[in-house]
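See structure below.
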Amino acid sequence: MKEFARKQREENRIVGLVPTMGALHQGHLSLIKQARQQCSSVVASIFVNPTQFSPSEDFAKYPRTLPSDTEKLENADVQLLFLPEAKEIYPQNYSTYINVEGLSERFEGRLRPGHFRGVSTVVMKLLQIVQPQFAYFGRKDAQQAAIISRMAKDLNLDSEIVICPIQRETEGLAMSSRNIYLHANDRQSATVLHRALQAAQLLLQNGTRDALSLQSTMNRVLTEESRAKVDYAEIVDAQTFEPLTHVNRKAYVLIAAKFGETRLLDNMLVDFSENGQLTTEL
Ligand code: AMP
């Protein structure tokens with residue numbers, strides 16, 4: 001992989017990296033599409049990273065669909081698929097980990113201790129191996145994207161981190177490899193995440209800036225769906241992920257909930273243009 005990437009750089013190609021855990025869907029393919037537009041050589045990686053799963057999580061049964069993944073990557077005109085094995089990424093006596101402090105301890109980090117340590121470490125390693133000019137991540141995992149952007153800045157990495165929009169099913173559910181775990185009735189129920197975000201969006205567009213009001217509206221929508229076990233529905237600063245009481249700067253409206261055994265995340269980006277006009281992006 002290193003040799004290939006080095007050669008691409010020698011040929012003055014712009015190298016883009018799209019890290020994934022496979023079970024590819026349109027969300028992943030949208031990152032590849034964006035990479036194809038900006039780069040002359042696109043590397044996709046598939047690696048189900050053991051260090052980001054806790055012992056109680058779904059590492060062993062995480063969906064693995066390599067034959068259809070490779071077909072999708074070929075059709076998407078990816079130059080190279082990097083498919084390392086766990087023992088190559090974490091050989092015996094492996095001992096170095098990246099921890100992005102603060103940001104990694106909130107929300108997903110609090111509920112999944114050690115998760116972001118595993119994510120930051122593997123992404124750092126992938127960036128070191130490929131040394132891409134651009135690396136692409138989805139806003140679907142907003143906290144992950146913020147942590148990786150922070151890491152790239154803090155550690156003076158040469159790769160630019162690009163955060164791409166959320167791809168959704170027609171009924172609003174954010175695409176995710178884990179959606180295949182959802183039973184039919186849970187899949188229907190899970191659209192409540194999008195509906196709760198839309199309710200917050202409407203309030204924001206009508207001038208509400210008080211985070212508590214937005215939160216209670218979202219919780220009202222979420223409780224209408226008894227199958228949803230909500231972990232959090234909050235408004236946070238987009239850089240630090242500290243909760244906001246007043247929405248007056250770039251922020252995320254975050255939701256996480258469990259449907260059956262499947263935990264799903266969703267969010268909405270809130271920003272302000274130069275003239276102070278509020279914008280929202282689902
Ligand atoms: P994963 O394979 O779940 O680790 O995801 C690989 C990359 O694809 C991550 O940067 C995700 O944020 C991104 N991604 C996953 N689902 C979506 C989606 N629905 N829309 C956009 N990006 C996504």
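Predicted model only: the values in this text are computed from it and were never measured. All ligand and atom numbering here is 1-based and tracks the order in the structure.
- Inclusion of Cys164 in the set of residues having an N or O under 3.5 Å from an N or O of ligand 1 is not warranted.
- Relative orientation of the His25 and His28 rings is tilted, given thresholds of 30° and 60° on the angle between their planes.
- Ion pairing of Glu11 with Arg13 is present here, as a side-chain N (NZ or NE/NH1/NH2) and a carboxylate O approach within less than 4.0 Å.
- Neither the backbone nor the side chain of Val18 comes within contact range of ligand 1; no heavy atom lies under 4.0 Å.
- Ion pairing between Arg110 and Glu105 fails under the 4.0 Å rule for side-chain N and carboxylate O.
- For Gln38, the CD atom is densely surrounded, since the number of other residues' heavy atoms within 6.0 Å is greater than 12.
- Taking CG from Leu193 and CG from Leu264, the interatomic distance works out to 6.0 Å, rounded to the nearest 0.5 Å.
- For atom 5 (O) of ligand 1, the nearest non-hydrogen atom of the protein is His28 NE2, 3.4 Å.
- Close approach of ligand 1 to Phe137 is summarised as follows: ligand atoms under 4.0 Å from at least one heavy atom of the residue are 10 (O).
- Near Asp141, meaning under 4.0 Å from one of its heavy atoms, ligand 1 places the atoms 11 (C), 12 (O).
- Atoms of ligand 1 found under 4.0 Å from any heavy atom of Gln167, numbered from 1 in the order shown, are 18 (C), 19 (N), 20 (N), 21 (C).
- By the 4.0 Å N-to-carboxylate-O rule, Asp58 lies close enough to Arg178 to be salt-bridged with it.
- Nearest to atom 3 (O) of ligand 1 among the protein's heavy atoms is Tyr62 OH, 3.9 Å.
- At the top of the distance list for atom 10 (O) of ligand 1, counting protein heavy atoms only, stands Gly138 N, 2.9 Å.
- The pair Lys153-Glu160 fails the salt-bridge criterion, with no side-chain N (NZ, NE, NH1 or NH2) lying under 4.0 Å from an Asp/Glu carboxylate O.
- Taking the six-membered ring wherever Trp is involved, the centroid distance between the rings of Phe47 and Phe82 does not fall below 6.0 Å.
- Judged by the shortest distance from any of its heavy atoms, Pro19 lies inside the 4.0 Å radius around the atoms of ligand 1.
- Ring orientation note: the planes of Phe134 and Tyr136 are tilted relative to one another, at an angle of 30° to 60°.
- Polar contact with ligand 1: absent for Ile166 (N/O pair, distance under 3.5 Å).
- Of the protein's heavy atoms, Met21 CG, 3.5 Å lies nearest to atom 4 (O) of ligand 1.
- For ligand 1, the atoms lying closer than 4.0 Å to a non-hydrogen atom of Met175 are 16 (N), 17 (C), 18 (C), 19 (N).
- Using a 4.0 Å heavy-atom cutoff, Pro165 is listed among the residues neighbouring ligand 1.
- Comparing Lys140, Gln144, Gln26, Arg139 against atom 23 (C) of ligand 1, the shortest heavy-atom distance belongs to Lys140.
- Residue His25 approaches ligand 1 through these ligand atoms, each under 4.0 Å from one of its heavy atoms: 15 (C), 16 (N), 17 (C).
- Below 4.0 Å from some heavy atom of Thr20 lie the following atoms of ligand 1, by number and element: 2 (O), 6 (C).
- A perpendicular orientation is assigned to the rings of Phe53 and Tyr62, their planes being inclined by more than 60° (bins at 30° and 60°).
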